[in-house]
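Below is one structure, written out as structure tokens; comments come after it.
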Amino acid sequence: MNMKETEADSEMPKAFDPQAIEAGWYARWESDGLFVADAKSHKPKFTICLPPPNITGELHMGHALNHTLQDICARYRRMAGHEVLFLPGTDHAAIATQNVIEKQLAAEGMTKEQLGRDAFRSRVDEWYRDVGETIVSQDRILGISLDWTRLRFTMDPRYVRSVMTAFVAFYERGWIYRAPRIVNWCPHDKSAISDLEIDWQEHNDTLYYIKYPVEGGGEIVVATVRPETMLVDTGVAVNPTDPRYQSLIGKTAILPLVGRKLPIVGDAAVDKDFGTGALKVTPGHDAMDYDIGQRHSLEVINGMHLDGRMNVPGLPYDGLPALEAREKVVADLKAQGFLVKEEPYTHEVGHCDRCHTVIEPLISEQWWLRMETMRDKALAASAAGKVRWHPERYERTYLDWLHGLRDWNIGRQLWLGHRVPVYYCENGHQIVSIEPPRDCAECGSIRLTQDPDVLDTWFSSALWPFATLGWPEETDDLKAFYPNDMNSTAREIINLWVSRMIMTGLEFMGEVPFADVAIHCQVQAADGRRMSKSLGTGVDPRGLIEKYGTDAVRAWAASVAMSSQDVRFDESRVEGYRRFCNKLWNATRLLLSSPGLPPTDAPGILEIQEYLEDRWVVSRLSAASEAVTAGIEGFTFQDSMAAAYGFAWNEFCDWYLEAIKERLRAGDPVAQDVAYFCLDNIFRLLHPFMPFVTEELWARTPGHTDFVMRASWPRVELVDIPAEEAFGQVMSIVEEVRAHRQSAGAPPRGGSLHLESDIDRSVAALAARLAWVELVEEIEGGTALATAPGRVSFPAGVGASQAELKRLKELNRVKEELAKTEARLANPDFRTNAPPDIVKKLEDRAAELRAAIDRLQPTA
RNA sequence: GGGCGGCUAGCUCAGUUGGUAGAGCGCCAGCUUGACAUGCUGGAGGUCGGGGGUUCGAAACCCUCGCCGCCCACCA
């Protein structure tokens, strides 16, 4: 530790310059090992595993916000005496990465099929190495105190082993099975995706009414927005309670254009009020139809190839893309007189959330994971209060989803990701194994092929809180740092990620992965739209950092943090926090300019009896430190920021430093001591929020030989209520005198103030000094004060009539308030029902107002 | 179709057991006051989305309507 070397003993520059000070600190913290967690430490542990950003991504406002909040917690806990592990990592983001690579290949005039699976894989590995830790290393400029020695990637061999272990464990429990189901199929990625990966968009489509003839006479009309799917209809369903159709149940309809015979069945899932109340049943291409089909043993026909083209051999629509097939089907229906009518119809259509292609539900063999047991454990953990949500309301989002949970489609038909560890031998035996098996356990065959599917990216993310620590090995890290303590996330991945971490954590580790889940607010663009690169509404945090400095961006992030409301981005607020940094900078300069030897020990021994302002400021500091701590502990970081800002600027700088300027100039050691004590505490309280400027100023102030990052968390308990009341009186007198001075057009200094003897003399003296007036025993004329018994007069100014105007205005305002107050007091119900202290307060207020009126009356 | 959040000063937001409406930015006016003009001082500006109700008293609690945003949902 050799901080003194670079400590600037020289004159401080007049203005705070973020670029100049932020450069060095991160490297020094890192090289001094301040971010590295010690699993052997005896301190209480505090662990956060940073949500792994997509390796394809760029740092955006959401990361800046989320990572800052976690870093506030990490830095705070270190100072408060915890051994902190704050672990960074990245996620392989299978679909997103595959799309990136495929685009690259396309640019080279190639497809992945031409390249082959193995070459594709090495291409991906190369790309991963290339991109490396670009995304997370951007966290360095944000000052995020991550333990880089423990950087993890979901494709690291050790992590892959965790994923395989989890798969096999689930398989052995009998929870993994392969079955055909309707899945959300992305024809572009040629893969199934889960329900949660669907992005719903409103479409203006057409609802077609189609006439199906019924055998033995008559007809039944169905309505659909996807007429091309009728080619593989295998039934017609009506609601059994619908009198219009009851007589048709059991009969057979004839499918137009195809001629297939369709049983007409009764099923309660059919909505009588939609369309005609009759539903064409296409079990191969609609989830509800599939269920109806299962209930009535209807045939399942797959009518689509995996690339979205129609698969209807023998029909003229075979091989057409869905939309073209739709046009042709409609034209033919119209030509043959089956189309009854068309009407405009607006509805939600699912798109792939990675590539935005329209999803086609189709039947497909998939790997599924049964969730019942894990779901029930998760529910029980919540019931037992093991997971606390902040804000609380998000617990319901989570629980509601859990209650409706269905089996999870964990398979993806991609080339990139964790390959399903299932192998088949030439004799059709199946082997499930963490390591690739050499031969078939049943027949000894060595001709094995691995299942082509890979796992949903979220399957590996679900293991993050313990797979990053080495699970399934019983590592020191795992023992020391599981369970983690908090998880901080955007609300859009509560179900996708948080819920699944909770379930797997309970299943494999027997404990919830974290006790607290913080869901931060969403940052919107200034115009209220979503921030997104494609909309051009994104704001790059790096640009902001260049402009205002990291500390300003972080302080802004903290100030919005966990607001119940999403916030519109307002750059002027960031700028405001840069000015706050400058304020701290200059307050420090003022102190350092005070003559005499500065204290050599860390400030702390206080002689605060003599001066009212000293007693007041440490009392306010006590309140601020409590509020800042409570805000961090209670996950309302915005409250912490507001409390620290308000104290440092409005109380410490505006009032306290102004009050002691003369004492500082005179080199009064008590004033220096108290002021240094306050600054010292301000730096520590603000360090989690604004690490750079606080570290820099800490190094520049006396008595500090170690990093503020390693200082202890302050707990100031010097509350002095009488001092706060007395100083409050000072403030209101000073403010009123200043107001009178301005409206009188009097010069900035000078004038006389007389205060009646029931005002404490120390209050009177301090008020006079701060208001730049002379305290006098007698006063001629002048203006009466409303806030205290007394009068003030100024050397003749230009605006005497303005002063008169001001007096009358004030008199009016006071009279109005008195009228309102008296009216409330006159209400007998008020006196009988309101608590006595409220009544007393109001009576006191009325008395004050009457006194003020007396003083404000013209002197005649 | 369910559910959640929001609607407070021109703008962005605070307002935690109901008890005289706040901050920052912006605006107006005055200050080169020996830390800071990235500053200091003073000021203007709000029927707390509309309407009901509970209460002595509502921005806060209840009902209702209206917008804005989000999440969940196998109605074709």
Side-chain angles (χ1 to χ4, degrees), chain A residues 12 14-16 182 195-196 200 207 222-226 229 237 269-271 273-276 278-282 286-292 345 347-348 361 391 393-394 396-397 400-401 404 406 491-492 494-495 521-522 524 526 528-530 548 559-560 563-573 575-594 634 636 638-639 642 645-646 650 653-654 657-658 661 664-665 735 738-743 745 747-749 772 817 820-821 824 827-835 837-839 841-842 845 849:
Chain A
M12 276 176 84
K14 189 169 162 185
F16 159 74
I182 292 285
D195 293 342
L196 291 172
W200 293 93
L207 188 60
V222 299
T224 179
V225 285
R226 297 196 303 152
T229 63
V270 179
D271 181 353
D273 300 324
F274 188 90
T276 60
L279 172 72
K280 63 188 265 313
V281 184
T282 320
D286 183 281
M288 187 172 95
D289 290 13
Y290 180 80
D291 290 344
I292 293 174
Y345 182 60
H347 64 143
E348 301 273 296
R393 71 186 127 90
Y394 288 116
R396 262 196 60 187
T397 305
D400 285 353
W401 185 74
R406 293 180 294 163
R491 61 169 173 260
E492 62 194 17
I494 289 174
N495 299 327
C521 73
Q522 208 81 46
Q524 302 169 335
R529 285 188 297 168
R530 196 182 166 78
Y548 304 110
S559 78
V560 300
S563 319
S564 57
Q565 178 173 241
D566 289 340
V567 289
R568 295 180 174 206
F569 180 67
D570 179 3
E571 189 167 329
S572 72
R573 285 182 68 174
E575 193 186 348
Y577 286 107
R578 183 189 59 180
R579 288 210 291 263
F580 181 50
C581 294
N582 186 63
K583 192 72 184 173
L584 297 172
W585 184 268
N586 278 290
T588 307
R589 280 182 67 215
L590 172 67
L591 255 171
L592 290 171
S593 72
S594 176
T636 52
Q638 64 276 22
D639 296 345
Y645 182 100
N650 305 123
C653 291
D654 288 351
L657 289 182
E658 290 305 323
K661 262 184 181 170
L664 284 180
R665 225 168 278 148
E735 280 165 353
R738 282 172 182 160
H740 284 305
R741 183 194 296 285
Q742 292 223 1
S743 54
R749 298 181 182 190
W772 295 102
E817 195 188 329
K820 270 196 274 182
T821 308
R824 287 177 66 190
N827 182 349
D829 291 334
F830 175 71
R831 287 189 177 278
T832 45
N833 294 322
D837 57 313
I838 295 292
V839 177
K841 219 169 126 186
L842 214 58
R845 180 67 189 155
L849 291 169

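Lettering of chains follows the sequences in order, A, B, ..., and the numbering in each one begins at 1.
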Can you say whether a donor on the side chain of Lys583(A) sits under 3.5 Å from an acceptor on the base of rC36(B), or the other way round? yes
Distance check, P atoms only: rA14(B) and rU8(B), in whole angstrom units. 11 Å
Do Lys280(A) and Asp289(A) sit within salt-bridge range, that is, some charged N less than 4.0 Å from a carboxylate O? no
Just name whichever nucleotide pairs with rU12(B), Watson-Crick or G-U, keeping both distances under 3.5 Å, else none. rA23(B)
Under 6.0 Å between the ring centres of Tyr577(A) and Tyr548(A)? no
Can you check the distance between rU16(B) and rC61(B), where both ends of the measurement are the P atom (answer in whole Å)? 9 Å
Taking the same atom, P, in rU55(B) and in rG46(B), what whole-Å distance lies between them? 32 Å
For rU41(B), does OP1 or OP2 lie under 4.0 Å from any side-chain N or O of Arg741(A)? no
Please classify the nucleic acid contact of Asp639(A) as base, sugar-phosphate, or nothing, using heavy-atom distances under 4.0 Å. nothing
In whole angstroms, how far is the P atom of rG10(B) from the CG atom of Asp570(A)? 16 Å
Between the side chains of Arg579(A) and Asn582(A), does any donor sit under 3.5 Å from an acceptor? no
Pairing partner of rU33(B) (Watson-Crick or G-U wobble, both distances under 3.5 Å): none
May I ask you to verify if any side-chain N or O of Asn582(A) is less than 4.0 angstrom from the OP1 or OP2 atom of rU38(B)? no
For rG24(B) and rU20(B), measure between their C1' atoms and round to the nearest Å. 24 Å
Can you tell me how far P in rC72(B) sits from the matching atom in rC63(B), rounded to whole Å? 26 Å
Rounding to the closest angstrom, what is the interatomic distance between rG15(B) and rG5(B) at atom P? 15 Å
Tell me whether the side-chain N/O atoms of Arg749(A) come closer than 4.0 Å to OP1 or OP2 in rU33(B). no
Think Arg568(A) has a side-chain N or O under 4.0 angstrom from the OP1 or OP2 of rG69(B)? no
So, Glu658(A) and Arg738(A), do they make that salt bridge, N to O below 4.0 Å? no
Rounded distance (Å) that lies between atom P of rC25(B) and atom CD of Glu571(A): 15 Å
First encountered from the 5' end of RNA chain B, between Asn650(A) and Val567(A): Val567(A)
Looking just at side-chain N and O atoms, do Ser594(A) and Arg665(A) make a donor-acceptor pair shorter than 3.5 Å? no
Euclidean distance for P, rA73(B) against rC65(B) (whole angstrom): 26 Å
Whichever of Arg589(A) and Val560(A) has its nearest RNA chain B nucleotide further upstream toward 5': Val560(A)
Asp829(A)/Arg824(A) salt bridge by N-O under 4.0 Å criterion: no
With hydrogens left out and only the distance checked, is there a donor-acceptor pair under 3.5 Å joining Lys661(A)'s side chain and the base of rA35(B)? yes
Can you tell me, in whole Å, how much space there is between the P of rA58(B) and that of rC48(B)? 12 Å
Under a 3.5 Å limit on both distances, the Watson-Crick or wobble mate of rC70(B) is rG3(B)
